[in-house]
Asks: 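Take a look at this one; I'll ask things after.
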There are 2 protein chains.
Amino acid sequence: MPPKTAGDTTKERILDAAFDTLVEDGITGASARAIAAHGEFNQALIFYHFGSVRDLLIATLERSSQIQVERYRERIEGITDLGDMVHVAAALHAEDMERGSITMVAQLMAGAASDPEMGEAVVKAFQPWIDLVERALRQVFAGSPIEAFLPYPDMAYGISSLFLGLELLSKLDPDHEQEERIFSMMNMVSGMLENVIAGKPLLG
Amino acid sequence: MPPKTAGDTTKERILDAAFDTLVEDGITGASARAIAAHGEFNQALIFYHFGSVRDLLIATLERSSQIQVERYRERIEGITDLGDMVHVAAALHAEDMERGSITMVAQLMAGAASDPEMGEAVVKAFQPWIDLVERALRQVFAGSPIEAFLPYPDMAYGISSLFLGLELLSKLDPDHEQEERIFSMMNMVSGMLENVIAGKPLLG
DNA sequence: GTCTATACAACGATAGAC
DNA sequence: GTCTATCGTTGTATAGAC
């Protein structure tokens, strides 16, 4: 399920096919031939429209990241309660497991190990995700007594890493059973945190 | 820097070369030819000793995981203070960024997207890492008032994911500057947590 | 802009000499 | 057990017809 906007033009068909291939078969399976077969178009079109496979993958990453970050940003808008935010984060993570936008990022990150130019592109495309998390954190802790003491950028970097690893790991878990438990745990932690911030005892 | 035990036999030389190649060039760069060039031996030896490239990579994963988990387990032995544990975790993460054992796991996880058999092997090899984290958590919270209420397996799964993502992401950060800030943040959090557990106010 | 055909490199893997 | 040589496949990429 690619980030469908209007897969009308050929360029968009190619981008969608590249996205699907990347999510389903990973970076090692994302060859020009495989992508073309996936989208049922001619292999040569990739090189005509994007110059090289790598440039196509980078374009796919940039498009998908932009669309998805904007999408997720809308979803967290106005949420100021920590528990609610965890709830939304869980929902977004579950959706993303289906859609695959983070999976794609993880795959390209792995692929960037042998390709510095790709590495640069991935770093650049991932920054908006980190910024999104930072925005969520600031919303949630606004007005809290510890608001001014929190290292938001570092927290955002850490939480982004968590989701990245979670998605990489969850893909291997055939019956995504661990994920739900992760979020029920995060729920518990957020509850405890809210207690503590409010000056109440840890449990209760 | 592979997990050197005694790289004497040919099989071990091949395993070391596969490890190095995987860490330096990632899954997309880990071809039979590249591995052979890296270890300065004949390409055909890989197939004689391991049958296929994939089976070599799986053998590399299994060996490295066993050695490194045991190594790290020794390092966390006897640590019961949360702050100390964070300190050790930071040191181990820094070491691992040099050595690459988690990087290798992340790379094979990415590669497993197009290879279910590889996926199975990776899941199996990663479990000891999760168990290691769980052990660390139980040590640290033993005797604490919240000891009985913590979902250790879920926490271990989450923290393992965090390190996985952190290593994937940090590899792209040319001047590993973010990592240190992550751990100073974790230090802060562990300090706050210790306060709270002890019934003291959050900051202080 | 899209197709067929093809060049050429790198890949996994094997045969057979040593 | 290790080497050279090689086969067949798949990869990226291009030329040229349409």
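Here is how names work: the chains are called A, B, and so on, in the same order as the sequence lines, proteins then strands, and each is numbered from 1.
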Asks: How many angstroms lie between atom CE of A/M109 and atom OG of B/S170, to the nearest 0.5 angstrom?
Replies: 10.0 Å
Asks: When you measure from every atom of DNA chain C, which of residues 39-52 of chain B have a heavy atom less than 4.0 Å away?
Replies: B/Q43, B/A44, B/F47, B/S52
Asks: On DNA chain C, reading 5' to 3', which nucleotide is the first and which the last to sit with an atom under 4.0 Å from a heavy atom of chain B, could you check?
Replies: C/dC11 to C/dT14
Asks: Please determine whether a side-chain nitrogen of the Lys or Arg among A/R138 and A/D131 lies less than 4.0 Å from a carboxylate oxygen of the Asp or Glu.
Replies: no
Asks: Ignoring hydrogens, what is the shortest heavy-atom contact between B/M185 and A/M155? Give both atom names and the distance.
Replies: SD-CG, 3.2 Å
Asks: So, for B/T60 and B/A18, which heavy atoms are closest and what is the spacing to 0.1 Å?
Replies: OG1-CB, 3.4 Å
Asks: Are the charged groups of A/K124 and A/E120 less than 4.0 angstrom apart, N to O?
Replies: no
Asks: Considering residues, nucleotides and ligands other than A/H87, do more than 12 of their heavy atoms fall under 6.0 Å from its NE2?
Replies: no
Asks: Taking 4.0 angstrom as the limit, do B/K171 and B/E167 come out as a salt bridge?
Replies: no
